[in-house]
Amino acid sequence: MKVSSFNVNSLKARLVNVKEWLKEADPDIVCLQETKCTDDTFPRGEIEDLGYNLAIHGQKTYNGVAILSKYPIEDATPGLPEGDGDDHARYLEAVISVNGSAVRIASIYLPNGNPIGTEKFTYKLSWMERLVRHARNLLKYEEPFVLAGDYNVIPMPEDVYDPKAWEGDALYQPESRAKFRELLNLGLTDAFRACHTEPHRYTFWDYQAGRWQKDQGIRIDHLLLSPQAADRLKACDIDKDVRDREKPSDHVPIWAELDF
DNA sequence: ATGCCGGGCGAAGCCCGA
């Protein structure tokens, strides 16, 4: 079973690009972020025609997450727990039946948090704290799950082209990196790092300043696996070539192959 | 030090992203 995460930066603007990638990469489960469309304007038919079931948690203009699955979606729950007063569509969780096994999948669009020193950064950290608490609860079931998405966190210096250039940015703040580390310390596995040790592998390149042409990117899209999912991890990689196509997103897909 | 690019919104130019 191949599970993938892709921040599309507007599904409507990216529809041709996304459909082409879906056809060739042929993932079984896809977590999308920044769909930027409401549930009633989501291009359902276009995606369903490619063989996917849908769970969507949309919002106008900003945010918006979705889960596509070739396997049956048994249950879908929008929003992280403790969401009173949080109206951003940034989290969607579904239980999917994969060849007789129940696998929980979450599509995550973690807040950017810039600029630091503002309520945007405290929102990011409190959101991450909610995610840590939720992950801790999910781990009690001792079941396979994947927390997939745009975490807006650069975990380590080797995950950015120039660490100095990112000092002071919310994506590379010690507090942001520490909260991400808390998730790992709970026992979750960074699927990419479990399969690759080489530095300077990225999932995002800014549209500006020729970042893509100079390969100056950051690794901020992650697949975090529960122990029972990590047991089944066979491969993980980044579909870098998608960034070089017509009208690309500034992110590219990341995927993992799990033995289910 | 700021904007670079690109999307949404909505019909020009601003807000936002990372």
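What you see below is based on every heavy atom in this structure, not just the backbone, and it leaves out hydrogens, waters and symmetry mates. The chains referred to below are lettered A, B, ... by the order of the sequence lines, with proteins before strands, and numbering in each begins at 1.
- At the heavy-atom level, Asp150(A) lies under 4.0 Å from the strands shown only through sugar-phosphate atoms.
- Taking atom NE2 of residue His222(A) and atom P of nucleotide dA18(B), one finds them 13 Å apart after rounding to whole Å.
- Residues from residues 204-221 of chain A that place a heavy atom under 4.0 Å from any atom of DNA chain B, listed by number: Phe204(A), Tyr207(A), Gln208(A), Ala209(A), Ile218(A), Ile220(A).
- Put simply, Lys60(A) has a side-chain N or O that comes within less than 4.0 Å of OP1 or OP2 on dC9(B).
- Applying side chain to side chain contact (heavy atoms under 4.5 Å, CB included) to Leu32(A) and the options Leu68(A), Asn7(A), Ile56(A), Val65(A) leaves one that passes, Leu68(A).
- dG17(B) sits 14 Å from dG3(B) when the C1' atoms are compared, rounded to a whole Å.
- On a pure distance criterion of 3.5 Å, no polar donor-acceptor pair joins the side chain of Asp169(A) and the base of dA18(B).
- Glu129(A) has a carboxylate O that lies under 4.0 Å from a charged side-chain N of Arg133(A), or vice versa, which qualifies the two as a salt bridge.
- The salt bridge (Lys or Arg N to Asp or Glu O under 4.0 Å) analysis of residues 228-239 of chain A, with sequence neighbours excluded, yields the pairs Arg201(A)-Asp237(A).
- One finds a side-chain N or O of Lys120(A) lying less than 4.0 angstrom from the OP1 or OP2 phosphate oxygen of dG17(B).
- Using a 4.0 Å cut-off between charged side-chain N and carboxylate O, Asp215(A) and Lys240(A) make a salt bridge.
- The shortest distance between the side-chain N/O atoms of Asn112(A) and the OP1/OP2 oxygens of dA18(B) is below 4.0 Å.
- At a threshold of 4.0 angstrom between heavy atoms, the contacts of Lys124(A) with the nucleic acid are absent.
- In this structure, the CD atom of Glu246(A) is 11 Å from the P atom of dG6(B), given to the nearest Å.
- For dG8(B), the OP1/OP2 oxygens have no side-chain nitrogen or oxygen of Lys12(A) closer than 4.0 Å.
- With dA18(B), dC16(B), dG7(B) as the candidates, the nucleotide lying closest to the side chain of Glu34(A) is dA18(B).
- Taking 4.0 Å as the cut-off between side-chain N and carboxylate O, Arg219(A) and Asp190(A) count as a salt-bridged pair.
- Screening residues 137-149 of chain A for side-chain hydrogen bond (donor to acceptor under 3.5 Å, both in side chains), with sequence neighbours left out, gives Asn137(A)-Lys140(A).
- Here dG10(B) presents its P atom at 14 Å from NZ of Lys36(A), a figure rounded to the nearest Å.
- Counting non-hydrogen atoms under 4.0 angstrom, Tyr172(A) reaches nothing in the nucleic acid.
- Rounded to the nearest Å, the gap between the P atom of dT2(B) and that of dA11(B) is 30 Å.
- For the pair Tyr161(A) OH and dA18(B) C1', the computed distance is 10 Å after rounding to whole Å.
- Distance noted for atom P between dG6(B) and dG10(B): 23 Å (whole Å).
- Ring-centre distance between His222(A) and Phe180(A): below the 6.0 Å cut-off.
- Here dC16(B) presents its P atom at 12 Å from OH of Tyr109(A), a figure rounded to the nearest Å.
- If Asn152(A) and Ala13(A) are placed on DNA chain B by their nearest nucleotide, the residue sitting closer to the 5' end is Ala13(A).
- Using modelled atom types, one finds no donor on one side chain facing an acceptor on the other under 3.5 Å when comparing Asp250(A) with Trp212(A).
- Contact check on Lys12(A) versus Glu34(A) returns no salt bridge, with no Lys/Arg side-chain nitrogen under 4.0 Å from an Asp/Glu carboxylate oxygen.
- If you measure from atom NZ of Lys247(A) to atom C1' of dG8(B), you get 12 Å, rounded to the nearest angstrom.
- The phosphate of dA18(B) has neither OP1 nor OP2 within less than 4.0 Å of any side-chain N or O from Tyr202(A).
- The separation of dG13(B) from dC4(B), taken at their P atoms, amounts to 14 Å, rounded to a whole angstrom.
- Following rounding to the nearest Å, Leu15(A) (CG) and dG7(B) (C1') show an atom-to-atom distance of 15 Å.
- Between Leu11(A) and Asp250(A), the residue whose closest nucleotide on DNA chain B is further toward the 5' end is Leu11(A).
- Across dA18(B) and dC14(B), the matching P atoms stand 22 Å from one another, rounded to whole Å.
- Note: CG (Asn63(A)) to C1' (dC9(B)) measures 16 Å, nearest angstrom.
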